[in-house]
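First the structure, in the form of structure tokens, and then the observations on it.
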2 protein chains.
Amino acid sequence: MLSKRQEISNCAARLFRKKGYKATSMRDIAEAMNMKAASLYNHISSKEELFSELLLKMATLFTIGMEEIAQSSLSTADKLERLIALHVKLTVEHTDAISLISGEWVHLPESSAAEYLKHRDSYEKEFRTIIDQGKKEGIYKDIDTDIILFSLLSTLRGLYSWYSKNKDYNSIELERQMINCLTHGINK
Amino acid sequence: MLSKRQEISNCAARLFRKKGYKATSMRDIAEAMNMKAASLYNHISSKEELFSELLLKMATLFTIGMEEIAQSSLSTADKLERLIALHVKLTVEHTDAISLISGEWVHLPESSAAEYLKHRDSYEKEFRTIIDQGKKEGIYKDIDTDIILFSLLSTLRGLYSWYSKNKDYNSIELERQMINCLTHGINK
DNA sequence: GTCTATAAGTCGATAGAC
DNA sequence: GTCTATCGACTTATAGAC
């Protein structure tokens with residue numbers, strides 16, 4: 001049983017994704033919840049807080065997942081596979097909220113934006129370290145690290161869009177296909 | 001010498017990209033143009049028109065480029081390379097406007113949205129045909145065509161973001177790296 | 001905890017002087 | 001073609017009855 005607060009959050013994520021944060025009004029969220037806009041404020045304190053919470057939760061999940069992988073004793077190739085699997089898992093479990101990461105984060109209030117970007121930058125930095133390590137070990141092609149990183153992240157961050165139209169796709173098979181599709185592009 | 005109308009359009013594209021369409025006010029655009037908001041209406045007829053024009057222009061450029069490639073007698077592999085080159089070229093020449101394609105298009109008014117999606121769907125359909133042809137010829141791996149398509153398009157559509165931070169990167173070299181990075185993922 | 005009513009501000013767009 | 005002034009609609013959020 002979800003708390004009403006959590007129901008509102010899920011509902012908002014769905015609308016933010018569909019219409020964008022700025023174009024989604026508190027009245028829209030209230031209508032989808034069968035309430036009046038004013039009643040929402042008994043459960044949340046502001047629209048910005050609702051939005052920041054969604055994005056910072058996702059950023060934290062990525063940070064935790066990345067730390068586990070980066071600090072493990074897995075091989076470099078296995079680390080990359082686990083990273084792809086992490087994106088697949090979070091996409092399946094938080095499809096709406098994860099969609100906000102690509103573009104909607106610009107609407108974060110200044111206070112949250114700083115914390116969000118800290119998560120994001122450190123995630124990308126650790127991702128880059130893994131790619132560089134693979135190149136050093138000679139298992140990856142000599143393509144500009146930043147181009148590899150941007151290419152992988154673009155695809156992984158856009159996965160929510162593909163997954164939404166293919167929710168019946170077996171999620172283990174999806175993980176396998178993504179790993180296959182993304183890693184063979186850089187393997188020697 | 002740009003017409004004032006074109007200056008406003010470029011200015012709006014930059015702001016739409018930075019702050020999002022809904023969060024960019026006519027007053028914001030006017031300020032960046034050193035005018036008052038009311039004066040903008042001597043050159044454009046509405047904010048929606050300004051936005052629709054930007055997105056439909058990009059959609060048309062992609063459609064024209066795709067038609068030339070699809071109807072050519074190039075090999076399948078060369079067609080894909082030309083397609084990647086088309087994205088690189090349009091990204092370099094229209095960095096701000098192209099950024100709106102990924103997420104901001106949802107703010108198109110209903111009238112323009114239909115036309116925009118017609119362009120987009122037909123573009124993706126022809127892209128899919130090229131990938132399928134390559135698989136039939138045995139030059140591409142047996143990965144789900146839709147996954148290949150989504151993976152390529154995610155990266156190509158996100159290129160504006162990478163390019164913005166690397167504007168000094170030689171654009172011929174960028175094209176070569178993108179082709180290398182994207183095609184080796186699916187080549188047998 | 002939900003409602004009605006409303007405050008206080010911003011939005012796109014127009015009217016009309018110059 | 002630019003300006004000031006303003007309209008009417010919409011926004012987030014609050015006050016206070018029930």
Could you give the [atom1]-to-[atom2] distance, from [X] to [N], as a whole number of Å?
X     : N      : atom1 : atom2 : answer
A/K36 : C/dT4  : NZ    : P     : 5 Å
B/E49 : C/dG12 : CD    : P     : 15 Å
A/K22 : C/dT10 : NZ    : P     : 11 Å
A/H43 : D/dA13 : NE2   : C1'   : 15 Å
A/L40 : C/dT4  : CG    : P     : 13 Å
A/D28 : D/dT11 : CG    : P     : 7 Å
B/L15 : C/dG12 : CG    : C1'   : 16 Å

* Inspect the contact between A/D146 and A/R128 and indicate whether a charged nitrogen and a carboxylate oxygen are less than 4.0 angstrom apart. =>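 Salt bridge present between A/R128 and A/D146.
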List the atom pairs, donor and acceptor, that lie under 3.5 Å between side-chain atoms in residues 152-161 of chain B and the rest of the protein, sequence neighbours left out.
from   : atom 1 : to     : atom 2 : distance (Å)
B/S154 : OG     : B/F150 : O      : 2.7
B/T155 : OG1    : A/S151 : O      : 3.2
B/T155 : OG1    : A/T155 : OG1    : 3.1
B/T155 : OG1    : B/S151 : O      : 3.2
B/R157 : NH1    : B/E124 : OE2    : 3.4
B/R157 : NH2    : B/E124 : OE2    : 3.0

* According to the side chain to side chain donor-acceptor pair (under 3.5 Å) rule, which pairs have a member within residues 19-28 of chain A, sequence neighbours left out? -> A/K19-A/D28, A/S25-A/D28
* **Sequence neighbours excluded - side chain to side chain donor-acceptor pair (under 3.5 Å) pairs with any residue from residues 91-100 of chain A** => A/R17-A/D96, A/K89-A/E93
* Is A/S39 near enough to C/dC3 that one of its side-chain N or O atoms lies under 4.0 angstrom from OP1 or OP2? ->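 Affirmative; the distance criterion is met.
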* Structure fact -> Heavy-atom contacts, protein to nucleotides 13-18 of chain C, under 4.0 Å, summarised as B (base), S (sugar-phosphate only) or - (none) per nt, yield BBB---
* Who pairs with A/K135 by side-chain hydrogen bond (donor to acceptor under 3.5 Å, both in side chains), at least two apart in sequence or on another chain? -> A/T145
* Counting side-chain heavy atoms from C-beta on, which of D/dT11, C/dT4, D/dC3 comes nearest to A/S25? ->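 Nearest to the side-chain atoms of A/S25, counting from C-beta on, is D/dT11.
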Ignoring hydrogens and angles, write down the donor-acceptor pairs under 3.5 Å from the side chains of residues 53-60 of chain B, residues two or more places apart or on other chains.
from  : atom 1 : to    : atom 2 : distance (Å)
B/E53 : OE1    : B/R5  : NH2    : 3.1
B/E53 : OE2    : B/R5  : NH2    : 2.6
B/T60 : OG1    : B/L56 : O      : 2.7

